[in-house]
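The structure appears right after this line, and notes come after that.
Residue numbers start from 1 in every chain, and the chains themselves are labelled A, B, ... in the order their sequence lines are given, proteins ahead of strands.
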Protein chains: 2
Amino acid sequence: MTMSRIQKRNRARIAEAALEVFSRNGFRGATLDAIAGEAGLSKPNLIYYYPSKETIYEELLTGLLSRWLEPLTALDPAGEPEAEILGYVSRKLELSRQMPRESRLFANEILRGAPLIAPHLTGPLHRLVAEKAAVIEGWAAAGHIAPVDGRQLIMSIWALTQHYVDADVQVRAVTGLADPLAGAAAHLETLFRRTLRG
Amino acid sequence: MTMSRIQKRNRARIAEAALEVFSRNGFRGATLDAIAGEAGLSKPNLIYYYPSKETIYEELLTGLLSRWLEPLTALDPAGEPEAEILGYVSRKLELSRQMPRESRLFANEILRGAPLIAPHLTGPLHRLVAEKAAVIEGWAAAGHIAPVDGRQLIMSIWALTQHYVDADVQVRAVTGLADPLAGAAAHLETLFRRTLRG
DNA sequence: CGTCTTTTTGACCATCCGGTCAATTTGTCA
DNA sequence: TGACAAATTGACCGGATGGTCAAAAAGACG
């Protein structure tokens, strides 16, 4: 079961190409030819490594999931509440900035009703959010931050940070700036700091 | 140029069917057969009314644009600042609740880079936002609300209100509730009220 | 009713696309 | 080097899909 040198190289190429193509065109808009071309392989050769288009997509998505949730996992119950939450906002924004393709990939999947990762959403994701939301609400109950619904707060952070990347055409059009993230960090810090201070 | 009785009826049916199909499957995922079926017409008959799939999509999108921006248009410079902005949040959320298909349609278009409505974004939308952002910043300068970037505030409102509908699978999975909008109104009011009060 | 226009449709076409397969090339290793 | 396995590919297939077209059916109207 150990992968040959060539296997390793080509699977890496395919993953990179698939991320590029799927994030730009969505699942239905992506074609095997496009992925193969981007990866520098022929279509039958691509299918030699992955049995189907769906398999490529699925493996790509699930492989990125844990990475995508890292910032939230890092939210520390023992830390200083406001700094922890604002730090999470900042890390999530930075992650979106550095991984725009991944962000769009997930946005697309979610928008379509999450046909592939629905189980993950109701399982691991639900649990992680429940855990961290409890931490946040604990802080609120202890009076360290203003009262707030933890789950709603976390979802707000997702919605806002990802918006700058997923809807970057719109953001650029509205602001007139070339960089959609210009001003984002400052605004989000203001917005969430005020929310946490009540 | 006046439309016959049959034309009016069938064009209305097509618009409704197209909204249904495009919003559920995106532009690429939608098929003429699906739209025709949903509208109760044959495919050639559908194409008798609209010359191409793109035309249907384009007319649908542009026809809904003004409707979609109504709540922002209604933001009144002469009103009470906090009430005006919170009222806008509430109206936008209500609009998303009542028009989830339209919301997804736009989300899809934006996510794909707005190939069709980009001109509208940089034109009318940019101007409308600039105008309303100036109003908000005027209120801030006068000390009626806490200092805030008007454009960023407006975009925040979009991102958050639409998230509940566009990402409803995720919201439902995380909250565990059947209604993705449960708690949304209260949370958003809290979040934005605190933001406006500094 | 008769004539003209509008509407509708079955049959068809070209292209795209996911995927297969047999055959060839390349790599591995004793 | 020879022999076997891994990797690669051109040619091809079947189904889906956007769109066409000629002919038929249904309305409109005097």
Spacing between [X] atom [atom1] and [N] atom [atom2], to the nearest angstrom:
{"X": "B:Ile47", "N": "C:dC13", "atom1": "CD1", "atom2": "C1'", "value": "15 Å"}
{"X": "A:Lys53", "N": "C:dT20", "atom1": "NZ", "atom2": "P", "value": "14 Å"}
{"X": "A:Leu32", "N": "C:dG18", "atom1": "CG", "atom2": "C1'", "value": "6 Å"}
{"X": "A:Arg28", "N": "C:dG18", "atom1": "CZ", "atom2": "C1'", "value": "13 Å"}
{"X": "B:Glu54", "N": "D:dG18", "atom1": "CD", "atom2": "C1'", "value": "12 Å"}
{"X": "A:Tyr50", "N": "D:dT8", "atom1": "OH", "atom2": "P", "value": "14 Å"}
{"X": "A:Arg13", "N": "D:dA7", "atom1": "CZ", "atom2": "P", "value": "14 Å"}

List the protein contact pattern of nucleotides 3-12 of chain C with one symbol per nucleotide (5' to 3'): B for base contact, S for sugar-phosphate-only contact, - for none; contact means a heavy-atom distance under 4.0 Å.
---SBBBBB-
Do NZ/NE/NH1/NH2 and the carboxylate oxygens of A:Glu94 and A:Arg97 come within less than 4.0 Å?
yes
Electrostatic pair B:Arg127:B:Glu131 at N-O distance under 4.0 angstrom
no
Mind checking whether A:Phe22 and A:Tyr57 have parallel, tilted or perpendicular rings, split at 30° and 60°?
perpendicular
Backbone of A:Asn25 reached by a side-chain donor or acceptor of B:Arg112 within 3.5 Å:
yes
For residues 115-153 of chain B, the ring pair (Phe, Tyr, Trp, His ring centres under 6.0 Å) pairs (sequence neighbours left out) are none
Describe the nucleic acid contact of A:Ala30 in one word from base, sugar-phosphate, nothing, applying a heavy-atom distance below 4.0 Å.
sugar-phosphate
Throw together a table of side-chain donor-acceptor distances under 3.5 angstrom for residues 65-78 of chain B, partners on residues two or more places apart or in other chains.
unit_1	atom_1	unit_2	atom_2	d
B:Thr73	OG1	B:Leu69	O	3.0
B:Asp76	OD1	B:Ala78	N	2.9

